[in-house]
Amino acid sequence: MSVYTPVIRLPSKRKPSIIINNNPITYEQFEPNDSLVFDTLFLSTLPKNVRESDIRTLLQHCMPMEIIFDREKDIGQLRFSHSKYADRAYSLYNGFTFTNNTKLQLQMYQDGDLDPEATAALLEINGLPEYYDDNKLFDLFRPYGPLNLCKCIMKDGAFRGRAFIQFFHPHKSKNAERNLNGRLLDGYKLSVIPFMHAVQQKEETEDNGVVDIMNLYIKNLEPHITSDDLTQVFRKFGRIISARVMTNPQTGQSKGYGFVSYGKTEEAAAALQEMDGAMLGNRPLTVAYHEPRKPRPTTTTTTTATTATTTNTNTNYQDSYYNNNNHQPQYQQQQPQQHQQQQQ
């Protein structure tokens, strides 16, 4: 059996520093003593058409010692030299999407039901230096506690200083928020706040509409995308209550849109932020909070012949969807029959 020598990238000589009370503090290599994982991670299903070498390349910063694929049972294992490397791999790469749109689904235990559930709120980070990446983000936040999610958000192929973090434990999350919000990181002022604040502000600006912030409306789906595909794509953001692609009852063909519902508002918010505009197959997705259909406006007219009042229903109306970039409504006119099919 040939021995694989993992590729190791030397860290940058420049170490990020954070200023607290006018005193710069440099984050050295952190040795966690509160890890939730051991030195082995498990694959509940093997990502299709992905080789062991692909996973080695992806996880090279974590230096996996052994990768085992049991293709007959469609399961696998990743063994690391130390639990701290498994800890980093889980936080950074659980739910990673390969170029063929398959997902890397990692588990802490062979029985996924034993995995702990992250109960902390999702944190939105803004003001990060543009040279930051997921590994630097991990090094900044991991000293405060185990991380379920650690993701720099790319926009137009570049990092603009925005990221999401989710701790497993609420008290760890609040401690990180208290210590890092408003601090200077290499001259950049950090903003670390629960993401639900932004959602609540958006909700308060609504006129009269009621937006379901745990239910996402997904459109521009390719014809072959199924409900199971939606589940696989969106499950990395949290526990999915339901995921379904709407189909024609007579033909069974996809209508090109569907819905994904989460158990927590912050999970739906994270999915919306990352997946709106993301490619699924050869099409960019449009992801928005589900907004119930608005009633058609009515006007009354009186006929002089019979003095009877009749109702005139407008044949066109507007259905608003929310743009992820500016949080402003974008209006599209649709025919009533089409709208009824889409917002069942």
Side-chain angles (χ1 to χ4, degrees), residues 1-12 27-120 133-152 165-169 172 231-233 235-239:
M1 178 179 178
S2 61
V3 178
Y4 174 79
T5 303
V7 178
I8 303 175
R9 292 184 181 178
L10 295 177
S12 170
Y27 281 93
E28 304 292 345
Q29 187 175 5
F30 175 68
E31 295 288 341
N33 58 8
D34 57 353
S35 180
L36 299 177
V37 304
F38 299 100
D39 61 0
T40 302
L41 296 175
F42 300 90
L43 301 173
S44 57
T45 57
L46 299 179
K48 295 180 180 178
N49 301 320
V50 173
R51 300 169 297 179
E52 296 176 28
S53 59
D54 297 325
I55 294 182
R56 286 193 186 278
T57 301
L58 175 67
L59 302 181
Q60 58 183 306
H61 290 90
C62 306
M63 298 179 290
M65 293 182 61
E66 187 177 21
I67 298 177
I68 302 173
F69 278 9
D70 187 340
R71 298 196 179 276
E72 205 172 290
K73 296 182 179 179
D74 196 32
I75 57 175
Q77 293 184 19
L78 311 176
R79 190 166 65 86
F80 301 84
S81 61
H82 194 282
S83 62
K84 67 180 180 181
Y85 298 122
D87 180 90
R88 180 182 292 264
Y90 184 90
S91 300
L92 298 186
Y93 300 111
N94 183 30
F96 177 84
T97 304
F98 292 95
T99 54
N100 63 354
N101 290 321
T102 58
K103 298 283 184 180
L104 181 64
Q105 299 294 346
L106 300 176
Q107 296 180 178
M108 298 182 186
Y109 296 91
Q110 196 159 14
D111 181 359
D113 292 335
L114 299 177
D115 280 17
E117 181 181 356
T119 56
D133 58 18
D134 290 348
N135 275 283
K136 289 183 174 67
L137 185 67
F138 179 89
D139 291 336
L140 179 61
F141 280 87
R142 180 58 182 86
Y144 294 95
L147 298 173
N148 179 53
L149 177 69
C150 179
K151 183 70 175 175
C152 289
I165 288 286
Q166 186 183 30
F167 289 88
F168 276 93
H169 309 300
K172 304 281 189 181
T231 299
Q232 291 300 318
V233 170
R235 64 184 295 185
K236 69 176 181 178
F237 300 101
R239 184 171 65 90

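Just so it is clear, the values below take in all heavy atoms, side chains as well, and ignore hydrogens, waters and symmetry mates. Please read these numbers as outputs of a predicted model, since none were measured by experiment.
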Q: Please assess Gln110 against Thr40 for the test side-chain contact (heavy atoms from CB on, under 4.5 Å), listing each intermediate value before the final yes or no.
A: CA-CA 10 Å; Gln110 196 159 14; Thr40 302; over 6 Å; no
Q) Picking from Glu52, Arg51, Arg79, what satisfies side-chain contact (heavy atoms from CB on, under 4.5 Å) with Ile67? A) Glu52
**Q.** From NZ (Lys103) to NZ (Lys48), nearest 0.5 Å
**A.** 14.5 Å
Q. Heavy-atom distance under 4.5 Å between the side chains of Leu149 and Ile165, does that happen here?
A. no
Q: Kindly compute the distance separating CZ (Arg56) from CG (Asp54), expressed to the nearest 0.5 Å.
A: 11.5 Å
Q: Looking only at non-hydrogen atoms, find the nearest pair between Phe69 and Val50 and report the distance.
A: CE2-O, 3.6 Å
**Q.** Test item: Ile55 and Phe98 side chains (from C-beta on) under 4.5 Å apart, heavy atoms
**A.** yes
Q. For Lys172 and Phe167, which heavy atoms make the closest approach, and how far apart are they?
A. CB-CD2, 4.1 Å
Q | Gap between atom CG of Leu137 and atom SG of Cys150 - 0.5 Å precision | A | 4.0 Å
Q. Roughly how far apart are Leu46 CG and Asp70 CG, rounded to 0.5 Å?
A. 7.5 Å
Q: Flag the pair Arg142 and Asp34 as a salt bridge only when some basic side-chain nitrogen lies within less than 4.0 angstrom of an acidic carboxylate oxygen.
A: yes
Q) Is it true that Lys136 and Asp139 make a salt bridge, defined as a side-chain N closer than 4.0 Å to a carboxylate O? A) no
Q. Are Gln166 and Asn148 linked by a side-chain donor-acceptor pair shorter than 3.5 Å?
A. yes
Q) So which heavy atom on Tyr85 is nearest to which on Cys62, and how close? A) CB-O, 3.2 Å
Q) Do the side chain of Asp115 and the main chain of Tyr109 share a donor and acceptor less than 3.5 angstrom apart? A) yes
Q | Value rounded to 0.5 Å, distance of NE2 in His82 from CE in Met65 | A | 12.5 Å
Q) Less than 4.5 Å apart, any side-chain heavy atom of Phe168 and any of Leu147? A) no
Q. Within the distance-only criterion (no hydrogens, no angle test), does the side chain of Asp134 pair as donor or acceptor with the backbone N or O of Leu92 below 3.5 angstrom?
A. no
Q) Taking the side chain as C-beta and beyond, is there a heavy-atom pair between Leu41 and Phe80 under 4.5 Å? A) yes
**Q.** Nearest heavy-atom neighbours spanning Ser44 and Gln107
**A.** CB-OE1, 2.9 Å
Q.
Can you confirm whether Lys84 sits close enough to Ser35 that some side-chain heavy atom of one is under 4.5 Å from a side-chain heavy atom of the other?
A. no
Q. Roughly how far apart are Cys152 SG and Asp133 CG, rounded to 0.5 Å?
A. 6.5 Å
Q: Quick one: closest heavy-atom pair of Met108 and Tyr90, and the distance?
A: CE-CE2, 3.6 Å
(Q) Is any side-chain heavy atom of Leu106 closer than 4.5 Å to one of Leu78? (A) yes
**Q.** Criterion side-chain contact (heavy atoms from CB on, under 4.5 Å) on Tyr93 and Leu58, from CA distance to verdict
**A.** CA-CA 8 Å; Tyr93 300 111; Leu58 175 67; 3.7 Å; yes
Q | Min side-chain heavy-atom separation Leu43-Gln77 under 4.5 Å | A | no
Q) Looking at side-chain heavy atoms only, is the closest gap between His169 and Leu36 below 4.5 Å? A) yes
Q | Main-chain N/O of Gln105 paired with Asn94 side-chain donor or acceptor, under 3.5 Å | A | no
